[in-house]
Amino acid sequence: MTPKTIATILKDAQIGKEITIKGWVRTKRDSKNVIFININDGSTIKNIQAVVVPTDIEESIIHQVVTGAGVAITGILTPSQGSGQDVELLASHIIVYGTADPEKYPLQPKKHSLEFLREIAHLRPRTNTFGAILRIRHALAYAIHQFFNERGFFYLHTPIITGSDAEGAGEMFRVTTLDPKNPPLNDKGAVDYKEDFFGRETNLTVSGQLEGELGAMALGKIYTFGPTFRAENSNTARHLAEFWMIEPEMAFYELEDNMDLAEEFLQYLVKYALDNCSDDIAFLEKRLLDEEKSLKKEEQSPLPLREKLHFVVNNSFKRLTYTEAIKILENSKPNKKGQFKYPVSWGTDLQSEHERYLVEKEFNAPVILTDYPREIKSFYMKQSEDGKTVRAMDVLFPGIGEIIGGSQREEDYDKLIKRVDEVGIDHETIWWYLETRKFGTVPHSGFGLGFERLVLFVTGMKNIRDVIPFPRTPKSANF
RNA sequence: UCCUCCUUAGCUCAGUCGGUUAGAGCAUCUGACUGUUAAUCAGAGGGUCGUUGGUUCAAGUCCAACAGGGGGAGCCA
C-alpha cells in the first residue's frame, strides 16, 4: 500500500485509526514525560505532530530522531491536547530511515537567509518557504496546460537544439560534440562545423516562437512550454541563463485578440493559485510582512500578497500605446524635475525607471503597452499603416517589469523580407519560416510569458533565483 | 558587462583611533524543567577574520589585486 501523505491525512482525518506517516523531522522538543516531533513530507506546508511517551520507544531510536532525519512514525490519530493543531499522532513505532548529524546538517530550526539557502539548493526544498514556492510553481504549470486545453490550444514541442539564431537576439549556448582543443578546420582555417554532430552550427533555443508559428499555421492555436536558454551576461534578480517560457501562437488573432488572451491568461493563472494554494500563499504573505517590517514604509509592498493577487484578478489591465506612454512620461513630475536617469523621447526604448513609473505610480495596475517604434522591435512584428510603429505589446507588472512580450506577426511576404534584409538576417537560415508567408499566409499573433517571472509575482519573492529549483546564472551552475 | 556595497563561529551580525587574550544572538552539545509549538532556564564547546600580496614596531581594522555574494543598471522573458 502506498503511504498516505500528510495532506491526505489532514484532509480526511480518521480519528482513532492507526496510521503511518513518512517524512522528515522539522523539530523535536524533549522532556522527561513526553516528546513532540514535527514531521513534514512536502505534500503540504502543514506538519503533523507526533507525540512520543519516552518509555514506549527505545532511547537509541529517539536519539536518531533529529532535525532533518527521514522517518516513518506509526500511531493512532487523535484530537490534539495542544492548541497549535487539530490532530496529532500518538506514536507507537518509529523507523529512522536516515538520521542527519546536527553538527553538520545546515538546516537547523532557525531563520536562514535566502542567500545562504541558495548555496544549499539541494536542501532548501525542505524549508517551508521553498516548499511553498515549489508547490505553487507546480500548480501554475498545471494551470497553464489546463487553461490552453480548455480553449482548444495544442501543446507543441518545439526543438531545444536549433540551427538558427533567427531572432538575432542575444548570445546563445553552442551545442557541439567537436573537441574544443583540437577542432577540425576548413580550407580557411576556421572551425569546420560540417564535421560537427549535426553537420552545422547548432545552439540551444532562445525562443520556440518561429517554430511555434509553423504549428499555428496548421493547428490554429498552439502553445509551447519548455526550457529556454540565453547566454547573456545578465546579473539581475529577473534574469536566468536557463528559464522556462510559455509561448502561445494563434492563427487569425490580431493584436487586440492577443491582448485579450494575455490578460485572461494571467488572471486565470493567478486565480488558480489563489484557489488552490491558499495555505502556501498565506505563509508567503506572512513571511513577506515579517521580512519587510524592518524596511521603511516606501520600500514595503503597498499591498499584502493576497490583496495584490486579488487586485490583478479583479481589475482589467490598463492599455495604451507607446506614443501615449511617452506623452504621459514627458508630462510626469519626475521628468520635469529631471529625476529620470534616462531622458524620455519618442523612438527610444523605455527604461526600467519609466516602466516602473507607469505601472507603480501613474496607473498602479498591470499595463499593456502597444505599438512600439519598429526600430526597437523584432523583424517579425506586423508593420502598421503609419510606417513608424509595429503591432507589438508588452505586459508590465508591478515589481516585475516586463512579464509578457508579444505581437501580431507580419504576414505579408514582401514586407517581411524587407525587414529581414534591413536587419541583416540571411534568408537561408530561415527559409522555412519565410515559406509560411508564401503558402497560405494568414494574420496571426502570439506572445511569450516568462514562467519564473510569473512565479515571482505570485509568490511575492524578490529574486528569480529563488523561484526555480536549481538556478543557472553567469558563473553559477551548481547542483 | 558597468556602478555600488559586502565577505569575522554552522547561520545572522558587532568589533571604537591600527595595539596585547576576537564578541553577541540563534543553532549544536550537556543538564534541569515543562502537553510542547522555531518551547523555556542554566552551563559548555565552537574562529587560519574570503585568498594572495603590500604598508607598519604592530593589521580583523589601512592599501592593491583576485575570488565569491548582495543591491542597482543594461540586455530581456
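In what follows, chains carry the letters A, B, and so on, assigned in the order in which the sequence lines appear, proteins first and then strands, with residues in each chain numbered from 1. Being a predicted model, the structure only gives us computed values, none of them experimental.
For the pair A:Phe243 and B:rA77, the ring geometry qualifies as stacking, because the centroid separation is below 5.5 Å while the planes lie within an angle under 30°.
Each of A:Gln85 and A:Tyr105 has a nearest nucleotide on RNA chain B; the 5'-most of these lies closest to A:Tyr105. Nucleotides of RNA chain B nearest to A:Asn463 and A:Ile404 differ in position, and the one nearer the 5' end is that of A:Asn463.
Considering only the side chain of A:Pro109, B:rU28 comes nearest among B:rU12, B:rU28, B:rC75.
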remark   = Annotated structure of RNA chain B as dot-bracket, pair cut-off 3.5 Å, Watson-Crick or G-U only, | for inter-strand, is (((((((..((((.....[...)))).(((((.......))))).....(((((..]....))))))))))))....
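Between A:Arg453 and the phosphate of B:rC76, there is no side-chain N or O to OP1/OP2 separation shorter than 4.0 Å. Residue A:Arg356 places at least one side-chain N or O closer than 4.0 Å to OP1 or OP2 of B:rA73.
A:Gln108 has its CD atom 18 Å from the P atom of B:rG25, to the nearest Å. A:Leu114 has its CG atom 11 Å from the P atom of B:rU12, to the nearest Å. Taking atom OH on A:Tyr342 and atom P on B:rG72, their separation rounds to 14 Å, with Å as the unit. Atom NE2 in A:His112 sits about 19 Å away from atom C1' in B:rG70, given to the nearest Å.
Contact of A:Lys110 with B:rC11 (side chain to base): a donor-acceptor pair of N or O atoms is detected under 3.5 Å.
A tilted orientation is assigned to the rings of A:Tyr372 and A:Tyr322, their planes being inclined by 30° to 60°.
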